[in-house]
Amino acid sequence: MSVSIFETASNIYPRAIEQRLQIENLIDPAAIATSRLTEGKDAIAGLTQTPKTLPPRYFYDDRGSQLFEQICELPEYYLTRTETAILQKYATEIARLTGACELVELGSGSSTKTRILLDAYHKLGYPLHYIPVDVSAGILESSAKQLLTDYTTLKVRALASTYELALERLAPTFLPSRTICFIGSTLGNLTPSESDEFFARIFAALEVGEYFLLGVDLQKPKSVLEAAYNDRQGVTAAFNLNMLQHLNWRYDSNFELQNFEHWAFYNETEHQIEMHLRSLRSQTVQMRSLNLTVEFAERETIRTEISRKFNLKTLQQQLQTQGLIPLQTWTDTKNWFGLLLCQKK
Ligand code: AVJ
């Protein structure tokens with residue numbers, strides 16, 4: 001009967017995938033309970049200080065994640081396509097340098113770039129073990145299932161976790177080695193002292209001889225940088241403004257999006273793009289579930305993101321000082337984006 005054929009197909013195929021998939025939730029119930037209590041503290045802290053700030057994590061609700069995917073396709077936004085090209089060119093070299101290893105990816109997101117690495121390891125005949133780390137269990141599950149369908153020998157252990165927790169709890173591997181991947185220039189969102197702390201956590205998570213693969217956006221002419229964050233189609237503006245929509249929903253607030261505008265510029269002293277939302281008039285916003293009233297003066301801004309642009313020499317020295325020895329660095333022909341493979345000494 002057609003039912004039994006259907007059952008056979010749907011039982012065998014998914015079972016094969018499920019046997020290669022393990023999802024662990026490191027965000028334990030106690031932590032979830034505290035995170036409920038502390039949820040929004042970061043928004044309160046940012047909005048009650050001068051100048052006002054909000055953490056970039058508030059960009060990424062469903063709509064925000066979609067808008068970010070669109071940004072990656074924009075003609076002005078060279079970052080994703082440049083890093084992808086570097087990976088395409090050097091993935092085999094990376095795989096040869098590390099040898100067979102588990103790939104741990106912090107902030108896995110859409111796995112387009114991960115696939116380039118998996119392909120290279122596969123071509124060299126290495127077993128494929130992938131450990132994506134993301135706070136969203138839903139995103140982890142759907143992207144893992146897609147990967148498992150496409151790579152029939154792949155094994156995935158997905159960690160629903162913050163980076164900090166995952167780095168503390170990375171179980172040792174039965175493969176010879178591990179590579180922690182932090183690509184996409186997410187490092188740019190961290191202040192210099194936050195990135196010191198982050199590198200220390202990477203160092204602590206690795207065994208001697210294991211690897212750290214880092215992708216960063218590099219310093220370049222201001223005009224190129226500012227265009228990338230002020231695209232002509234206004235997708236970046238929508239992405240920035242969407243943060244207020246997200247806060248309205250999450251914290252029962254009444255930000256009026258038409259009363260704010262997108263503002264992004266390159267701060268040449270700090271070597272960072274700054275994204276702000278500028279209040280177009282004096283106004284008061286209620287954030288009911290946070291019990292917070294926020295006053296804005298006309299033209300006052302909220303800084304929603306820093307996106308640091310790195311100097312390769314300085315970054316290599318910093319990694320070296322923190323015990324993550326740069327083995328090899330790759331860039332594109334314009335030197336716009338950098339990929340660094342480091343090894344714990
Ligand atoms: C995901 C942090 C690398 O800084 O370019 C894109 C986010 N912000 N356009 C970046 C972003 C505005 C992006 N990172």
Side-chain angles (χ1 to χ4, degrees), residues 42 53-87 105-114 132-136 139 143 162-163 181-192 194-195 198 213-246 260-268 270-278 301-311 315 332 336-340:
D42 55 355
T53 63
L54 279 168
R57 73 176 186 100
Y58 288 114
F59 284 132
Y60 303 98
D61 61 353
D62 286 349
R63 171 91 183 119
S65 303
Q66 275 171 17
L67 287 166
F68 180 66
E69 296 290 314
Q70 278 185 46
I71 287 175
C72 295
E73 307 279 315
L74 292 170
E76 299 93 335
Y77 196 77
Y78 59 86
L79 286 82
T80 316
R81 106 172 44 87
T82 310
E83 186 177 43
T84 303
I86 298 171
L87 275 168
E105 185 172 24
L106 303 177
S108 38
S110 87
S111 50
T112 332
K113 286 176 280 183
T114 314
V133 178
D134 204 288
V135 279
S136 160
I139 288 176
S143 63
T162 61
Y163 300 162
C181 306
F182 192 51
I183 56 180
S185 202
T186 312
L187 184 72
N189 280 169
L190 307 184
T191 64
E194 286 167 346
S195 66
F198 177 77
L213 182 67
L214 177 64
V216 289
D217 197 16
L218 302 177
Q219 291 167 13
K220 61 180 64 60
K222 188 183 169 99
S223 57
V224 179
L225 288 166
E226 292 193 337
Y229 294 83
N230 289 285
D231 65 279
R232 298 181 56 137
Q233 293 171 57
V235 184
T236 310
F239 173 73
N240 197 7
L241 283 159
N242 178 67
M243 188 185 282
L244 300 179
Q245 191 75 61
H246 181 199
F260 291 87
E261 71 178 4
H262 167 71
W263 177 44
F265 68 97
Y266 188 52
N267 177 334
E268 282 175 297
E270 302 292 335
H271 304 288
Q272 64 194 22
I273 285 283
E274 293 188 15
M275 293 224 303
H276 294 247
L277 288 163
R278 184 192 281 126
T301 74
I302 314 171
R303 195 189 67 209
T304 49
E305 182 174 52
I306 62 165
S307 182
R308 290 170 60 218
K309 306 304 166 188
F310 296 87
N311 171 285
L315 183 61
D332 53 292
W336 277 6
F337 202 94
L339 192 64
L340 300 92

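Only heavy atoms go into these numbers, but all of them, side chains included; no hydrogens, no water, no symmetry mates. Throughout, residue positions are numbered sequentially from 1 according to the sequence presented. All ligand and atom numbering here is 1-based and tracks the order in the structure.
Considering both main-chain and side-chain atoms, Glu305 comes within under 3.5 Å of ligand 1 through a nitrogen or oxygen pair. Ligand 1 has no N or O atom lying under 3.5 Å from any N or O atom of Lys309, backbone or side chain.
The contact set between ligand 1 and Ser185, taken as ligand atoms under 4.0 Å from a residue heavy atom, comprises 3 (C). Proximity to Ser307 (heavy-atom distance under 4.0 Å) selects the following atoms of ligand 1: 4 (O), 5 (O), 10 (C). Under a 4.0 Å criterion applied to the non-hydrogen atoms of Gly184, ligand 1 contributes the atoms 3 (C). Close contacts between ligand 1 and Phe239 involve ligand atoms 8 (N), 12 (C) [criterion: under 4.0 Å to a heavy atom].
Remark: side-chain polar atoms of Gln272 are not paired, donor with acceptor, to backbone N or O of Asn267 under 3.5 angstrom.
If you look at Tyr229 next to ligand 1, the close heavy atoms, those under 4.0 Å, all belong to the side chain.
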**Study point:** Worked check of ring-ring contact (aromatic ring centres under 6.0 Å, His included) between Phe239 and His262
**Key:** CA-CA 9 Å; Phe239 173 73; His262 167 71; 9.2 Å; no
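For the 3.5 Å distance criterion, the side chains of Tyr58 and Asp42 qualify, holding a donor opposite an acceptor.
Taking a cutoff of 4.0 Å between a charged side-chain nitrogen and a carboxylate oxygen, Glu268 and Lys222 qualify as a salt bridge.
Between Arg81 and Glu73 the shortest heavy-atom distance is NH2-O, 3.5 Å.
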